[in-house]
Number of protein chains: 2
Amino acid sequence: MVTMKQIAELCGVSRGTVDRALNGRGRVNAETAENIRKMAKQLGYEPNPAGKALAARKHRPVIGIILSSEGNAFFDRVIEGIKAAAEEYKIYGLQVEIHTMKGYLPEDQLALIESIQADVNALILNPINDKRIVQKIDELVDAGVFVVNLNNDVDGSKRHCYVGSDYYNGGITACALLEAMIGTSAKIGLVLGSRQVLGHKQRLEGFYHRMKRVKDFEVIDVIEHEDDEIFAYERTKEFLRLHPETTAICALAAGVYGIGRAVMQLPEEKRPMVIAFDSVPTTVEMMKFGVVRATLYQHPYRQGHLAVDLAFAYLVNGRLPEKQEYIMKNEIRLLENL
Amino acid sequence: MVTMKQIAELCGVSRGTVDRALNGRGRVNAETAENIRKMAKQLGYEPNPAGKALAARKHRPVIGIILSSEGNAFFDRVIEGIKAAAEEYKIYGLQVEIHTMKGYLPEDQLALIESIQADVNALILNPINDKRIVQKIDELVDAGVFVVNLNNDVDGSKRHCYVGSDYYNGGITACALLEAMIGTSAKIGLVLGSRQVLGHKQRLEGFYHRMKRVKDFEVIDVIEHEDDEIFAYERTKEFLRLHPETTAICALAAGVYGIGRAVMQLPEEKRPMVIAFDSVPTTVEMMKFGVVRATLYQHPYRQGHLAVDLAFAYLVNGRLPEKQEYIMKNEIRLLENL
DNA sequence: TTGTACGCGTTATCAA
DNA sequence: TTGATAACGCGTACAA
């Protein structure tokens with residue numbers, strides 16, 4: 001393991017100069033700087049995180065987290081992951097501040113970002129898909145803030161990386177799972193929050209794509225519930241009344257409890273097979289009732305933890321993420337392996 | 001964040017004394033020691049890993065790893081996880097040495113352990129279920145070596161912790177999955193390495209336990225292939241010849257490729273549904289052929305990584321694991337979400 | 001029994 | 001443009 005001290009000796013300069021050269025702090029002769037960089041590369045120098053961490057303790061870097069999570073139980077586990085990571089890194093002086101909000105109004109999120117942006121070194125957020133949000137992200141990145149998009153992404157922003165699930169593959173997997181469980185013939189109702197939401201739209205597309213390969217799958221209709229449990233209940237109920245021929249319902253987003261309650265009003269032998277996403281407590285309840293047969297799980301805890309890991313690695317150890325996107329697998333879970 | 005220095009000042013002693021009191025190095029007045037410990041507890045003192053890591057760099061702690069992995073592709077990903085973790089911690093002076101072996105003879109493993117035990121501070125191994133191995137583990141623990149059992153456990157040993165999968169639940173989940181995919185009626189062949197292997201036996205028990213709840217599931221026979229691909233092929237072939245009524249085969253352990261090849265000799269419409277464990281390349285191939293319909297995945301990469309994480313936390317940061325057992329979930333995967 | 005001083009690798013400040 | 005020095009928290013050798 002090679003250290004700055006060794007490089008300094010070999011180059012015949014002081015550690016301070018090596019530091020300036022390697023970390024681009026300026027005020028160093030271009031020639032010696034080049035020489036030092038070459039030597040460092042040749043020796044395979046890697047900064048020691050422990051040393052960095054120790055020295056960084058004075059900084060007390062702050063990670064601000066903004067989540068549109070209120071009323072969405074999926075984020076409960078995400079937040080647990082965030083808190084576990086925060087606890088783990090507290091010792092390095094890292095401060096993590098979580099701000100939650102309700103709904104998806106861009107101006108609300110914008111206001112929240114602006115209220116904290118002066119005080120954070122990194123920002124983790126589930127961005128709302130809006131021009132102004134993208135601009136704000138870019139502004140922060142340009143100002144030196146490390147930005148992670150969590151659980152959903154917006155395209156064209158300068159965010160350092162994205163942590164979340166693969167929505168398109170989620171749709172594909174949901175369709176494949178349905179085929180595996182119900183056979184090649186089904187009359188299907190698809191339920192989601194809104195086609196405006198990028199992730200929901202992608203899942204829908206994935207589902208349709210995979211469906212081309214199944215002989216007798218037919219989508220009767222796509223129901224949108226605007227992420228509202230009551231709407232999910234009412235609209236599913238109405239859908240089932242209009243379409244008693246339905247044999248499967250695929251809940252591509254939240255609202256599972258409402259959907260389940262609507263399905264439960266049918267006599268058992270007439271109930272369609274329901275599959276869902278995530279395993280929030282109310283969904284688990286529906287699985288115990290036998291109403292929801294399977295669910296697709298996307299490691300919410302790990303998503304939260306990883307987002308903080310990446311910000312930590314950058315702030316304390318100066319390490320940029322290796323990848324632009326950290327995508328969780330879609331895991332299939334039955335009641336038995338929840 | 002409270003440091004030893006602060007505690008020293010508050011107690012009116014030197015930092016050296018605090019160190020001795022808190023780390024039980026002796027040579028310190030019992031009364032002052034007690035006082036210091038109380039103060040530390042009261043302030044919620046937690047040693048700073050960065051400081052520890054830096055100071056520990058002279059030690060160059062060694063983790064020895066012994067795996068009966070040769071010829072078992074499952075461990076390829078486990079080893080990738082181990083190597084990734086080793087790379088991550090190299091900077092802290094951690095050395096990781098992997099030793100692989102073939103087969104499950106206790107004396108072989110014993111000899112391997114003995115050949116390295118003088119040189120390691122921690123040992124990670126997948127122990128063979130044998131009295132002598134248990135004794136050896138206990139001997140090492142008593143000698144101050146940190147021991148992690150990986151992928152399978154032996155009962156009654158003093159190992160610090162176990163990292164691996166939940167075999168019993170794996171059997172339960174396999175049965176539930178089969179029911180979800182094939183319906184409530186099936187004539188089943190169960191294939192595994194050997195009932196002598198604890199994990200295989202537990203999966204078998206889990207499968208039988210869950211099967212009680214399914215009306216028309218019937219196990220025709222249990223085939224043992226001694227973890228040999230050719231035996232798996234031959235015996236499955238013979239089984240299918242004797243029992244053309246078979247509608248499902250559940251591969252509870254390795255040998256999936258041999259099983260698949262035997263199944264492929266039947267005309268497509270007569271093939272039983274096959275489900276398996278793990279997703280090694282040959283199993284993936286069988287899934288692409290449509291022969292294996294689903295597999296149960298147990299996070300091999302994370303198993304390997306976590307085992308090293310725990311040893312690192314102990315050796316460099318002096319942290320004992322929070323849990324005795326770190327159990328991975330059994331995840332269901334189709335070709336689509338592999 | 002206790003205190004002092006140094007080193008681990010890095011960053012930051014100040015003086016040259 | 002540079003170098004020297006102190007500091008971060010901990011472990012430890014040595015002196016008192």
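Convention: sequence-line order gives letters A, B, ...; per-chain numbering from 1.
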Any chance you could list the contact pattern along nucleotides 6-16 of chain D? Use B for base contacts, S for sugar-phosphate-only contacts and - for none, protein heavy atoms under 4.0 Å, 5' to 3'.
-> BBBBBBB----
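In A:D142, the CG atom is crowded: over 12 heavy atoms of neighbouring residues, nucleotides or ligands sit closer than 6.0 Å.
Closest approach of B:E97 and B:H99 over heavy atoms only: O-CD2, 3.5 Å.
In this structure, the CD atom of B:E34 is 17 Å from the C1' atom of C:dT1, given to the nearest Å.
Of the options B:V147, B:I327, B:V154, a side chain to side chain contact (heavy atoms under 4.5 Å, CB included) to B:Y162 is made by B:I327 and by none of the others.
At D:dT2, one or more side-chain N or O atoms of A:T32 fall inside 4.0 Å of OP1 or OP2 (strictly under the cut-off). In this model, the phosphate group of D:dG3 is approached by a side-chain N or O of A:T17 to a distance below 4.0 Å at OP1 or OP2.
With ring centers used as reference points, B:Y297 lies under 6.0 Å from B:H299.
Using modelled atom types, one finds a donor on one side chain and an acceptor on the other under 3.5 Å when comparing B:H305 with B:E88.
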